[in-house]
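Values below: all heavy atoms of this structure, side chains included; hydrogens, waters and symmetry mates excluded. Numbers here simply count residues along the sequence, with the first being 1.
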Amino acid sequence: ILKRSVLPPRSDTQFLFCDFSVFSMFWRRDDEGCDGKAVEQKRGETSNKYIRFEVIDLNGRSVSKLVPERHRHRAVFAPEIILSFTANGQVFGTVPEDAERGFPNGRLVPRWDTWLELPWASDSSQKVISRVYCEFERVSPRSLSPVTPRTICARLLQELKEKHGYELLVGGELEFSIAKPTNQSGKTDWEPSFDWGQIFSTLGAANHEDFFCELESSLHKVGIDILTMNQEYGAGQLEISFVPRFGLEALDNTMTFRMATKEIAKKRGQMASFMSFPFPGSCGNGAHFNFSLWAEGEEADSTTKEFSKEGEGSDVVEEQTRGKCNVLKDASQTAGMSSVAQHFLAGILAHAPALEAICSPTSSCYLRHGRFAPAVANWGLEDRLAAIRVKSSPSQPASNCYIEFRLPSAAANPYLVAAALVAAGLDGLEKKLVLPPPQQTKDTGAKALPGSLKESLAALAADEVLSEKLGQEFLRWFSSLKQKEEEMIEGFLSKSVSGRDRTEADYCAAWRSSFMEEL
């Protein structure tokens, strides 16, 4: 695959960037999680088993190399710049230090505890496809890349655990659009597969039950447990939620869910897209980040025992958290929120303008503001219009106490959302920040959220805490990529719209060209 791009200021020349060069040298360490069993195979013998060595890039896209399973113990290499391709893969964001190194190769380090066979991608009579998530390792000096989203997230989750003894429990709740192809002026575009419908309509959802059931069955086979499926408010819009998991497993599940949804829809001749705003007049796709914090130790809250009797209120959270206590819950406090919960939330609100760059990483995300998506950094109990919806009550069990972080759009990279949220929460815990009153408005003290990607990137760059926690090198890569995407969208609009004001439909067409297929 050839990619045309422009080199950074070091050179004015253009070049053809060729897809990953192939290396197959033996290189394995005992501490990398490999099972250590080489796949024995006689020369000339064939196999139908293949593994996707997969990395999630800065945009939350899956990029990978397909490796015959018999070579799984060998090193797999790719250039680090694969992490910074624009969502449609046309250009990439460059940073001077990577260009000066000549865009070198690095190694995809498999984390074998994530190795899954993918039933939706496999045909047992022809091929069996599996996937293993990888970190990206620089060769010289040998170290994990500090710009890989999964690596950044793992580091922040480890800090939360080591400093405070807390683990992050995360549940997925993602909206996405189902689209069908259309041909306009000889060019393929996409339109909603169904018109606006009633949210939660049984008749509406019945039209998608075959898709829902295939997706649920396929994901259940790989340990991802879907809870609910329903039609949403917008044209072509569906929503699926699934059982929460701890730490990286939850975020790996989110990415696996996204890929499965897209691949299954594609087999049906449709497009599933998690881009935030594909069609004009809609309300946009969100990805509410539901989380709670847990520590080792039995739950002291008597309400938990009350609701835990066989057949009475047992739930999926309780099943996974036995032997742990929810540190967000304190029945003696107002609304049942502990001091830990209040400090953690105060940290999120304090850094919300910078968090918006991570949660709303494309220009289309900002049309969601005011359409059941927050425009100010505030919180409220059971408040669907707030940036943070707190689900807590002194009378409810600890498993029912969690926080719905409503900033993220469906286009956001889940690893980066988790990392940035933990970084902000840690600041709140360590500084013992005071939680503002609920349901603040801009007039009563709530911080306004940035109204554009340019503003949110500036807020992120100015936020010393998040800059330090996420890493300056990551910020350079991320900002460069986002600037390239903005230039690409402006180029599309300049060619397609002239002599009149740009409309929401014009912007949506430009965003579809950039984000529809890969996000």
Give, for atom [atom1] of [X] and atom [atom2] of [Y], the distance between the pair rounded to the nearest 0.5 Å.
X      : Y      : atom1 : atom2 : answer
Leu435 : Thr334 : CG    : OG1   : 10.5 Å
Glu232 : Ile199 : CD    : CD1   : 3.5 Å
Leu215 : Ile240 : CG    : CD1   : 4.5 Å
Phe405 : Ile388 : CZ    : CD1   : 6.0 Å
Cys401 : Leu293 : SG    : CG    : 9.5 Å
Thr148 : Glu80  : OG1   : CD    : 6.5 Å

May I ask you to test the [X]-[Y] pair for a side-chain heavy-atom distance under 4.5 Å?
X      : Y      : result
Pro119 : Val222 : yes
Gln270 : Ile178 : yes
Ser273 : Phe515 : no
Pro244 : Val317 : yes
Phe279 : Cys508 : no
Ser514 : Glu485 : no

Evaluation steps, side chain to side chain contact (heavy atoms under 4.5 Å, CB included), between Ile129 and Tyr50: CA-CA 5 Å; Ile129 303 296; Tyr50 303 89; 3.9 Å; yes
Residue that, paired with His71, satisfies side chain to side chain donor-acceptor pair (under 3.5 Å) out of Arg74, His73, Glu69: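 Single pass found, and it is Arg74.
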Residue from Ser360, Ser409, Ser456 passing side chain to side chain donor-acceptor pair (under 3.5 Å) with Tyr366: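 Considering Ser360, Ser409, Ser456, a side chain to side chain donor-acceptor pair (under 3.5 Å) with Tyr366 is found only for Ser456.
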Is any side-chain N of the basic residue among [X] and [Y] closer than 4.0 Å to the acidic one's carboxylate O?
X      : Y      : value
Lys266 : Glu263 : no
Arg371 : Glu175 : no
Arg245 : Asp252 : no

Check whether the side chains of [X] and [Y] place a donor and an acceptor atom closer than 3.5 Å, and report yes or no.
X      : Y      : answer
Gln439 : Asp383 : yes
Asn285 : Ser177 : yes
Ser62  : Arg52  : no

Over all atoms of both residues, closest heavy-atom pair of Ala331 and Pro394: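 Smallest heavy-atom distance, with atoms named: O-CB, 3.6 Å.
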Check the orientation of [X] and [Y]. Use parallel for under 30°, tilted for 30 to 60°, and perpendicular for over 60°.
X      : Y      : result
His208 : Phe194 : tilted
Phe344 : Phe291 : tilted
Phe176 : Phe274 : tilted

Glu517 atom CD, neighbour heavy-atom count above 12 within 6.0 Å: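 It does not: Glu517 CD has 12 such atoms or fewer within range.
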Greater than 12 external heavy atoms within 6.0 Å of Arg268's CZ: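 Enclosed.
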For Tyr133, ring pair (Phe, Tyr, Trp, His ring centres under 6.0 Å) partners two or more places apart: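 Testing Tyr133 for ring pair (Phe, Tyr, Trp, His ring centres under 6.0 Å), a comparison that skips the adjacent residues, returns none.
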Partner set under side-chain hydrogen bond (donor to acceptor under 3.5 Å, both in side chains) for Asp210, not counting sequence neighbours: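 side-chain hydrogen bond (donor to acceptor under 3.5 Å, both in side chains) check on Asp210 returns nothing, list empty.
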